[in-house]
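Some notes on the structure that comes next.
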Amino acid sequence: MRWSQLFSPTLRDAPNDAVAPSHQLLVRGGFMRQLHAGHYSMLPLGWRVHQKVAQIVREEIEAIGGQEFLLPTMHPSGIWKESGRWDTMGEIMFRLEDRKGAELALGITHEEIFATVASELSSYKQLPQVWYHIQTKFRDEARPKSGLLRVREFHMKDSYSFDVDQAGLDAAFDRHDVAYRRIFERIEVPAFGVEASSGAMGGNDSVEFMTPSEAGEDDVVRCPDCGYSANIEKATSALPAIDDGAATALEQFDTPGVRTIAALEEFDGGAAADHQLKTLVMMLDGTITLVVVRGDHQLNTQKLADATGAIQIRPAEVDETVAALGAHPGSLGGVGVSDHPIIMDVALEGRVNMTTGANIDDKHYRGVSVERDVKVGQWADLREVGAGEACANCGAELTIVRCIEIGHIFKLGTKYAETFGVTVSTPDDGVVPVVMGSYGIGIGRNMAAAVEANHDENGIIWPVSIAPFQAVVTLMRLDDETLAAGQKIYDELKSLGVDALLDDRDARAGVKFADAELIGIPFRVTLGPRGLKEGNAELTERRSGNTEEVALTDVAQRVSERIADATR
RNA sequence: CGGGAUGUGGCGCAGGUUGGUAGCGCACCUGCUUUGGGAGCAGGGGGUCGUGAGUUCAAAUCUCACCAUCCCGACCA
């Protein structure tokens with residue numbers, strides 16, 4: 001490719017609304033342009049990278065036996081109604097009607113669709129199977145952001161495993177775990193697995209792959225000593241025991257003007273935050289529910305969702321709260337409440353002498369024995385872990401790291417198989433539902449994650465494996481001699497299988513160097529009058545900036561070797 | 001969905017308070033000079049000032065409504 005013909009509109013300044021480094025650099029480098037919020041047009045450079053990432057994913061999934069499909073991205077509503085997810089997916093799913101008024105959805109994922117195909121499986125002898133496709137997904141995200149990191153239209157490789165039993169699923173899951181780690185290694189995105197909430201996917205076991213980045217949206221709890229790591233939506237920690245003394249009688253007392261945990265700590269006759277019950281009134285799928293955590297703890301709403309199976313969760317409005325409990329926020333509690341469900345955090349088990357609101361404005365109770373005085377309908381882990389708390393495994397201090405979720409693998413079990421009749425005959429003449437797993441990795445998000453992990457003040461430093469071009473031959477002059485020498489090296493590079501670009505633009509040296517660095521080409525071969533006189537070219541590595549003089553006759557071979565070293 | 005901000009050539013911005021010919025830098029085109037780290041000079045092209053209404057002799061500028069985009073939060077495989 002000649003750069004003079006390449007459409008790669010580079011920008012000196014990043015658009016004002018780009019904040020994340022990957023967003024700024026991918027726009028500045030001419031890899032992509034925004035069409036509207038959450039939708040990007042891939043330009044030639046961007047599409048090259050995207051395809052290289054996809055190809056690596058493809059190779060690694062093929063390596064564990066995956067077979068490539070391509071399923072539709074527009075689906076009839078019926079199939080989603082069968083699985084129940086037409087309702088449970090809520091607003092994340094784009095829905096539309098065709099001319100006949102039939103309801104359609106744009107695919108957010110493809111469990112249902114693959115299951116319909118899998119219903120043609122009939123014998124255990126056909127298993128295991130791993131099926132995948134790389135297909136556009138649409139998700140009506142409430143807030144697309146950070147360029148390619150959170151979009152509404154994107155390509156995902158999703159694979160699905162089909163096994164005759166749980167042991168088969170476990171093996172398929174482990175093979176995906178290995179394949180994913182290989183993928184992240186090849187695209188040079190540092191990654192680690194964490195325990196995760198399965199959310200709307202269902203199933204019982206899932207691992208998210210994370211890469212640390214300030215541009216991410218997930219918080220991960222990590223233990224520096226034993227290696228424990230979990231999404232904050234799932235993480236637990238050990239709490240020091242608290243001595244409450246002996247249980248005493250329940251006693252109501254006046255607390256004029258006290259509306260917060262902090263105020264009750266200050267109040268004469270009040271209590272420390274860890275001796276208070278924090279009662280949150282939540283609306284779970286339309287049902288007023290009291291959610292209780294310790295006064296100094298924070299509720300994690302994903303944990304609440306996982307514990308209850310609720311889909312729509314929101315704090316109750318003040319008027320809803322007053323109607324339900326007869327008091328305003330600040331004086332609420334679960335004592336004596338029997339007409340609303342109460343869910344209590346497990347950290348409150350066995351606690352006595354606690355203080356909480358009395359459901360009368362300006363009054364609280366002290367001497368609350370949780371199990372004696374509150375009608376708890378469900379105990380659950382609801383508390384969000386904080387940095388510095390003790391690891392539940394080893395006691396070391398936990399840290400919280402901001403991360404980008406770059407992959408997620410799930411053990412689904414038989415839910416979809418049962419719904420869609422995916423069953424196989426067994427050797428002993430039985431029929432069993434197939435045990436499924438599903439495994440997702442976003443192509444564009446990983447492309448962006450690679451930039452987040454590989455850039456400097458001059459631009460992107462693409463890993464050789466996914467760079468839009470592996471090497472650029474930069475011509476300092478456009479005279480016949482330089483052009484001929486450059487063309488010769490370019491041809492040699494191509495014949496060695498190097499993905500090369502010839503910078504034959506009529507531009508100054510500074511512009512060419514700056515652009516090559518901005519778009520992140522790993523190796524640059526510079527041809528100028530100085531070197532040509534000696535019969536030499538310069539070979540510069542993007543990441544280090546180091547330059548070596550190489551004879552014109554050897555330079556293509558040398559580049560090829562360097563690339564081989566880098567991708568080994 | 002709540003809070004905040006912003007919409008003026010492809011990108012970055014000024015102008016707006018005080019209504020009166022739409023400007024600057026980069027990029028683009030032409031010419032000359034230059035040529036190893038984002039050149040200089042001269043000339044040139046390109047803008048429904050987010051959209052719609054309103055006020056006014058006159059609106060980028062004032063008023064109202066709407067739309068869009070970004071950030072924080074909520075939400076979210």
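Small disclaimer: the values here were computed from a predicted structure and weren't measured. First the proteins, then the strands, lettered A, B, ... as listed; each starts at 1.
Base-pair partner of B/G20: B/C57 (Watson-Crick or G-U wobble, both distances under 3.5 Å). Pairing for B/C41 is with B/G31, a Watson-Crick or G-U wobble pair whose two hydrogen-bonding atom distances lie under 3.5 Å. In this structure, B/A14 forms no base pair with any nucleotide, since neither Watson-Crick nor G-U wobble geometry is met with both distances under 3.5 Å. The partner of B/U51, taking Watson-Crick or G-U wobble pairs whose two distances both stay under 3.5 Å, is B/A65. Nucleotide B/G2 is matched to B/C72 when pairs are restricted to Watson-Crick or G-U wobble geometry with both distances under 3.5 angstrom. Remark: B/G46 base-pairs with no nucleotide; criterion is Watson-Crick or G-U wobble with both hydrogen-bond distances under 3.5 Å.
Taking atom CZ on A/Arg33 and atom P on B/C11, their separation rounds to 8 Å, with Å as the unit. For A/Glu141 and B/G73, the CD to P distance is 15 Å, given to the nearest whole Å. A/Arg505 has its CZ atom 12 Å from the P atom of B/A39, to the nearest Å. The separation between A/Gln298 atom CD and B/G73 atom C1' is 14 Å, rounded to whole Å. Atom CD in A/Gln24 sits roughly 13 Å away from atom C1' in B/G12 (whole-Å rounding). In this structure, A/Leu299 atom CG and B/A74 atom P are separated by 11 Å, rounded to whole Å.
Comparing B/C13 with B/G7, their C1' atoms sit 13 Å apart, to the nearest whole Å. Distance noted for atom C1' between B/G25 and B/G19: 27 Å (whole Å). Spacing between B/U17 and B/U21 at atom P, rounded to whole Å, works out to 13 Å. For the C1' atom pair drawn from B/A65 and B/U55, the interatomic distance equals 15 Å after rounding to whole Å. Atom name C1', nucleotides B/C41 and B/G50: the rounded distance is 38 Å, in whole Å. The gap from the P atom of B/C28 to that of B/G38 amounts to 16 Å, rounded to the nearest Å. The C1' atoms of B/U69 and B/C11 are separated by 16 Å, rounded to the nearest whole Å. Using atom P as the reference point in both B/G4 and B/G20, the two lie 30 Å apart (nearest Å).
Considering only residues two or more places apart in sequence or on other chains, A/Glu418 meets the side chain to side chain donor-acceptor pair (under 3.5 Å) condition with A/Thr414. When the side chain to side chain contact (heavy atoms under 4.5 Å, CB included) test is applied to A/Glu405, the partners found at least two apart in sequence or on another chain are A/Glu208, A/Met210, A/Asp218, A/His408, A/Arg445. The side chain to side chain donor-acceptor pair (under 3.5 Å) check on A/Asp479 picks up A/Thr482, with sequence neighbours excluded. A/Lys81 pairs by the side chain to side chain contact (heavy atoms under 4.5 Å, CB included) definition with A/Ser77, A/Trp86, A/Glu103, not counting sequence neighbours. Remark: A/Glu82 pairs with no residue by the salt bridge (charged side-chain N to carboxylate O under 4.0 Å, His left out) rule, at least two apart or across chains. Partners of A/Ala485 by side chain to side chain contact (heavy atoms under 4.5 Å, CB included), not counting sequence neighbours, listed by chain and number: A/Leu527, A/Leu532. Judged as a side chain to side chain contact (heavy atoms under 4.5 Å, CB included), and not counting sequence neighbours, the contacts of A/Pro522 are A/Val464, A/Ala467.
Of the residues in residues 468-475 of chain A, not one places a heavy atom less than 4.0 Å from an atom of RNA chain B.
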What's touching nucleotides 32-38 of chain B from the protein side, N or O pairs under 3.5 Å?
from: B/U34; atom 1: O2; to: A/Arg508; atom 2: NH1; distance (Å): 3.0
from: B/U35; atom 1: O2'; to: A/Arg477; atom 2: NE; distance (Å): 3.4
from: B/U35; atom 1: O2'; to: A/Arg477; atom 2: NH2; distance (Å): 3.4
from: B/G36; atom 1: O2'; to: A/Arg530; atom 2: NH1; distance (Å): 3.3
from: B/G36; atom 1: O6; to: A/Gly528; atom 2: N; distance (Å): 3.2
from: B/G36; atom 1: N1; to: A/Glu538; atom 2: OE2; distance (Å): 2.7
from: B/G36; atom 1: N2; to: A/Glu538; atom 2: OE1; distance (Å): 2.3
from: B/G36; atom 1: N2; to: A/Glu538; atom 2: OE2; distance (Å): 3.0
from: B/G37; atom 1: O4'; to: A/Gly510; atom 2: N; distance (Å): 3.3
from: B/G37; atom 1: N1; to: A/Glu517; atom 2: OE1; distance (Å): 3.4
from: B/G37; atom 1: N1; to: A/Glu517; atom 2: OE2; distance (Å): 2.9
from: B/G37; atom 1: N2; to: A/Glu517; atom 2: OE1; distance (Å): 2.5
from: B/G38; atom 1: O2'; to: A/Arg12; atom 2: NH1; distance (Å): 2.9
from: B/G38; atom 1: O2'; to: A/Arg12; atom 2: NH2; distance (Å): 2.1
from: B/G38; atom 1: O6; to: A/Arg28; atom 2: NH2; distance (Å): 3.3
from: B/G38; atom 1: N2; to: A/Asp515; atom 2: OD1; distance (Å): 3.0

Taking only N/O atoms, report every protein-nucleotides 68-70 of chain B pair under 3.5 Å with atom names and distance.
from: B/U69; atom 1: OP1; to: A/Ala37; atom 2: N; distance (Å): 2.9
from: B/U69; atom 1: O2'; to: A/Asp17; atom 2: OD2; distance (Å): 3.0
from: B/C70; atom 1: OP1; to: A/Gln34; atom 2: NE2; distance (Å): 3.0

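Within the nucleic acid shown, A/Glu91 has no heavy atom closer than 4.0 Å to any nucleic acid atom. Residue A/Ile313 is out of contact with every strand shown, counting any heavy-atom pair closer than 4.0 Å. Residue contacts shown for A/Met93 are absent, as no nucleic acid heavy atom lies under 4.0 Å away.
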Name the atoms and distances for all side-chain donor-acceptor pairs under 3.5 Å in residues 7-21 of chain A, with sequence neighbours left out.
from: A/Ser8; atom 1: OG; to: A/Trp3; atom 2: NE1; distance (Å): 3.0
from: A/Thr10; atom 1: OG1; to: A/Asp515; atom 2: OD1; distance (Å): 3.2

Side-chain donor/acceptor pairs under 3.5 Å, residues 446-458 of chain A, sequence neighbours excluded:
from: A/Asn446; atom 1: ND2; to: A/Ile406; atom 2: O; distance (Å): 3.0
from: A/Asn446; atom 1: ND2; to: A/Gly442; atom 2: O; distance (Å): 2.7
from: A/Glu452; atom 1: OE2; to: A/Ser22; atom 2: N; distance (Å): 3.0
from: A/Glu452; atom 1: OE2; to: A/Ser22; atom 2: OG; distance (Å): 2.7
from: A/Asn454; atom 1: OD1; to: A/Arg543; atom 2: NH1; distance (Å): 3.4
from: A/Asn454; atom 1: OD1; to: A/Arg543; atom 2: NH2; distance (Å): 3.0
from: A/Asn454; atom 1: ND2; to: A/Glu188; atom 2: O; distance (Å): 3.2
from: A/Asn454; atom 1: ND2; to: A/Ala450; atom 2: O; distance (Å): 2.8
from: A/His455; atom 1: ND1; to: A/Val451; atom 2: O; distance (Å): 2.8
from: A/His455; atom 1: ND1; to: A/Glu452; atom 2: O; distance (Å): 3.3
from: A/Asp456; atom 1: OD1; to: A/Asn458; atom 2: N; distance (Å): 2.8
from: A/Asp456; atom 1: OD1; to: A/Gly459; atom 2: N; distance (Å): 3.2
from: A/Asp456; atom 1: OD1; to: A/Arg542; atom 2: NH2; distance (Å): 2.8
from: A/Asp456; atom 1: OD2; to: A/Arg542; atom 2: NH1; distance (Å): 2.9

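For A/His133 and A/Phe114, the gap between ring centers is short of 6.0 Å.
With respect to A/Arg85 and A/Glu111, a salt bridge is recorded, a charged nitrogen being found less than 4.0 Å from a carboxylate O. Classification of A/Glu60 and A/Lys157 as a salt-bridged pair fails, no side-chain N sitting under 4.0 Å from a carboxylate O. We find that A/Lys234 and A/Asp381 are not joined by a salt bridge, their nearest charged nitrogen and carboxylate oxygen being 4.0 Å or further apart.
For A/Thr301 and B/A74, the shortest distance from a side-chain N or O to OP1 or OP2 is not below 4.0 Å.
The OH atom of A/Tyr439 lies 7.5 Å from the CG atom of A/Leu412; values are rounded to the nearest 0.5 Å.
Where A/Ala142 and A/Ile108 each meet RNA chain B at their nearest nucleotide, the meeting point lying more 5' is that of A/Ala142.
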